[in-house]
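Have a look at the structure below, then the notes.
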Amino acid sequence: MHEKAQDSQNETLYNNSLKNASDKSCPIVHSGDALSPDNQMPHLSQEQVPGQRIYLPTERVISSIPKAKSSDYWEYPSPQQFYSALVRKGWETPEESIETMVDIHNFLNERAWNEIIRWEKMKKCNCNGPKLLRFRGRPQELSPKARILQWASKIFPSLGTPPPFDRHDWTIDRCGREVRYVIDYYSAPDEGDNPVFYLDVRPALDSIDSVVDRIKVATKETFAQLRERAKAARQENEVDRS
């Protein structure tokens with residue numbers, strides 16, 4: 001399943017900030033220096049960093065994503081924590097853009113969770129729905145699907161697509177069972193002045209159950225595309241006859 005986000009001035013600023021960064025990946029979640037086993041995130045201070053010119057809010061937004069180990073919901077980093085993470089990674093990002101970047105960071109993660117919920121509705125489990133157990137950023141590792149797409153683009157250039165600029169692995173608790181999801185983040189060609197992002201969200205092929213779900217959804221999407229093409233062909237024929 002793909003999720004598309006566009007038509008937002010905030011996204012334009014976020015995309016421009018990404019273009020100015022040396023590494024197009026989420027600055028908050030990364031695997032090399034993690035302290036927390038739940039989110040692979042080191043402690044991020046709410047204190048201003050040396051050389052910081054403007055005040056950044058320290059308030060954190062509560063997400064709609066429930067935690068698996070408590071009745072709480074995951075919190076997004078504050079603008080100050082986000083900026084601290086950028087500085088820590090050596091990114092040069094205008095401080096004036098940080099709050100916008102946080103808004104888009106949160107927006108994309110909410111979309112990712114909504115896509116996971118869509119997949120999970122296929123399961124009809126008798127519990128309070130899936131909850132996020134842990135997550136991990138893997139920006140330097142192409143997912144198997146993304147790698148296959150890159151190989152295919154060398155053989156069929158017309159099918160070529162830029163590699164994802166980020167990858168996350170989210171592990172959910174499905175009524176006591178751990179299920180891993182892979183999320184690839186893509187930048188698509190701008191539509192006018194508006195940048196476009198695509199999220200490719202799907203269960204990892206860790207089990208027969210997930211394989212079956214992937215086949216079901218792929219088959220459904222394929223037939224939906226065929227029906228749309230047939231409908232368009234019929235409409236075109238009707239126009240020609242008239």
Side-chain angles (χ1 to χ4, degrees), residues 1-8 10-11 14-15 18 24-26 28-29 38-40 61-68 73-76 101-125 127-139 141-149 161-175 177-188 191 194-207 209-225 228:
M1 294 182 183
H2 295 77
E3 186 64 34
K4 178 179 177 181
Q6 61 178 42
D7 297 331
S8 167
N10 284 350
E11 289 184 31
Y14 183 68
N15 194 59
L18 285 176
K24 288 186 178 181
S25 61
C26 173
I28 298 299
V29 184
D38 293 335
N39 59 11
Q40 298 289 314
V61 173
I62 306 296
S63 77
S64 67
I65 307 172
K67 288 186 175 182
Y73 290 79
W74 288 88
E75 288 183 284
Y76 291 121
M101 292 183 70
V102 171
D103 288 341
I104 302 305
H105 172 273
N106 299 353
F107 171 77
L108 292 177
N109 280 286
E110 290 293 322
R111 287 298 183 93
W113 182 249
N114 288 340
E115 282 297 290
I116 289 176
I117 294 298
R118 288 177 61 185
W119 280 97
E120 288 299 304
K121 284 182 178 178
M122 298 171 57
K123 311 315 296 181
K124 299 180 180 179
C125 296
C127 61
N128 294 326
K131 297 181 179 180
L132 182 58
L133 183 63
R134 58 181 176 273
F135 55 90
R136 179 187 180 193
R138 304 171 68 179
E141 302 177 48
L142 285 179
S143 66
K145 182 177 179 180
R147 190 177 298 112
I148 290 172
L149 291 175
T161 179
F165 65 81
D166 200 4
R167 169 190 173 180
H168 284 187
D169 284 15
W170 292 16
T171 301
I172 68 165
D173 181 332
R174 180 194 291 164
C175 299
R177 176 185 174 188
E178 292 190 16
V179 179
R180 181 169 64 96
Y181 277 82
V182 178
I183 307 168
D184 285 327
Y185 297 77
Y186 289 90
S187 290
E191 294 186 358
N194 298 309
V196 178
F197 301 105
Y198 281 95
L199 276 62
D200 188 356
V201 183
R202 69 276 185 194
L205 300 179
D206 295 336
S207 67
D209 192 42
S210 292
V211 172
V212 171
D213 287 346
R214 291 274 291 271
I215 292 174
K216 286 181 179 178
V217 170
T219 302
K220 181 179 179 181
E221 291 179 347
T222 299
F223 277 108
Q225 292 173 2
E228 286 298 319

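Just so it is clear, the model here is predicted, and its values are computed rather than measured.
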Legend entry - Side chain proximity check, W119 to V179, heavy atoms < 4.5 angstrom: no
Inset, instruction - For the pair W74 (side chain) and L132 (backbone), establish whether a donor and an acceptor sit closer than 3.5 Å, ignoring hydrogens and angles. - result: yes
Inset, instruction - Taking all heavy atoms of P139 and all of G137, pick out the closest pair and write down the distance. - result: CD-C, 3.4 Å
Legend entry - Set of residues satisfying disulfide (SG to SG under 2.5 Å) with respect to C175, sequence neighbours excluded: C127
Inset, instruction - Answer yes or no: is there a side-chain heavy-atom contact under 4.5 Å between I172 and E120? - result: yes
Legend entry - Which atom of Y73 lies closest to which atom of S63, heavy atoms considered: CB-O, 3.5 Å
Inset, instruction - Starting at CD1 of I116, measure out to CZ of R202 and round the result to the nearest 0.5 Å. - result: 11.5 Å
Inset, instruction - State which residues pass side chain to side chain donor-acceptor pair (under 3.5 Å) with T171; sequence neighbours excluded, sorted by chain then number. - result: none
Legend entry - Close side-chain approach of L205 to V211, heavy-atom, < 4.5 Å: yes
Legend entry - A146 to Y186 - nearest heavy-atom pair and separation: CB-OH, 3.8 Å
Legend entry - Donor-acceptor contact present, side-chain S187 to main-chain F197, <3.5 Å: no
Inset, instruction - Using side chain to side chain donor-acceptor pair (under 3.5 Å) as the criterion, list what pairs up with D206, not counting sequence neighbours. - result: R180
Inset, instruction - With sequence neighbours left out, write down each residue that passes side chain to side chain donor-acceptor pair (under 3.5 Å) with R147, or none if nothing qualifies. - result: none
Inset, instruction - Could you pull out the closest heavy-atom pair between A204 and S210, with the gap in Å? - result: O-CB, 3.2 Å
Legend entry - Test of ring centre spacing under 6.0 Å for H168 and Y181: no
Legend entry - E115 side, atom CD; L199 side, atom CG - distance, nearest 0.5 Å: 7.5 Å
Inset, instruction - Kindly write out the residues that satisfy side chain to side chain donor-acceptor pair (under 3.5 Å) with S64, not counting sequence neighbours, or none if the list is empty. - result: E110
Legend entry - D209/K123 salt bridge by N-O under 4.0 Å criterion: yes
Legend entry - Audit row: V217, M122, side chain to side chain contact (heavy atoms under 4.5 Å, CB included) steps and yes/no: CA-CA 10 Å; V217 170; M122 298 171 57; 3.7 Å; yes
Inset, instruction - Flag the pair R134 and E178 as a salt bridge only when some basic side-chain nitrogen lies within less than 4.0 angstrom of an acidic carboxylate oxygen. - result: yes
Inset, instruction - Applying side chain to side chain donor-acceptor pair (under 3.5 Å), run through R214 and T219 and close with a yes or a no. - result: CA-CA 8 Å; R214 291 274 291 271; T219 302; over 6 Å; no
Inset, instruction - For residues I65 and N109, report the shortest heavy-atom separation together with the two atoms involved. - result: CD1-O, 4.2 Å
Inset, instruction - May I ask you to decide if Y185's main-chain N or O and R167's side chain share a donor-acceptor pair within less than 3.5 Å? - result: no
Inset, instruction - Please state whether the rings of Y76 and H105 are parallel, tilted or perpendicular, taking 30° and 60° as the class boundaries. - result: perpendicular
Inset, instruction - Any chance you could measure D184, atom CG, to L142, atom CG, to the nearest 0.5 Å? - result: 8.0 Å
Legend entry - Listed partners of K121 passing salt bridge (charged side-chain N to carboxylate O under 4.0 Å, His left out), at least two apart: none
Inset, instruction - Output the distance between atom CG (D200) and atom OG (S143), rounded to the nearest 0.5 Å. - result: 7.5 Å
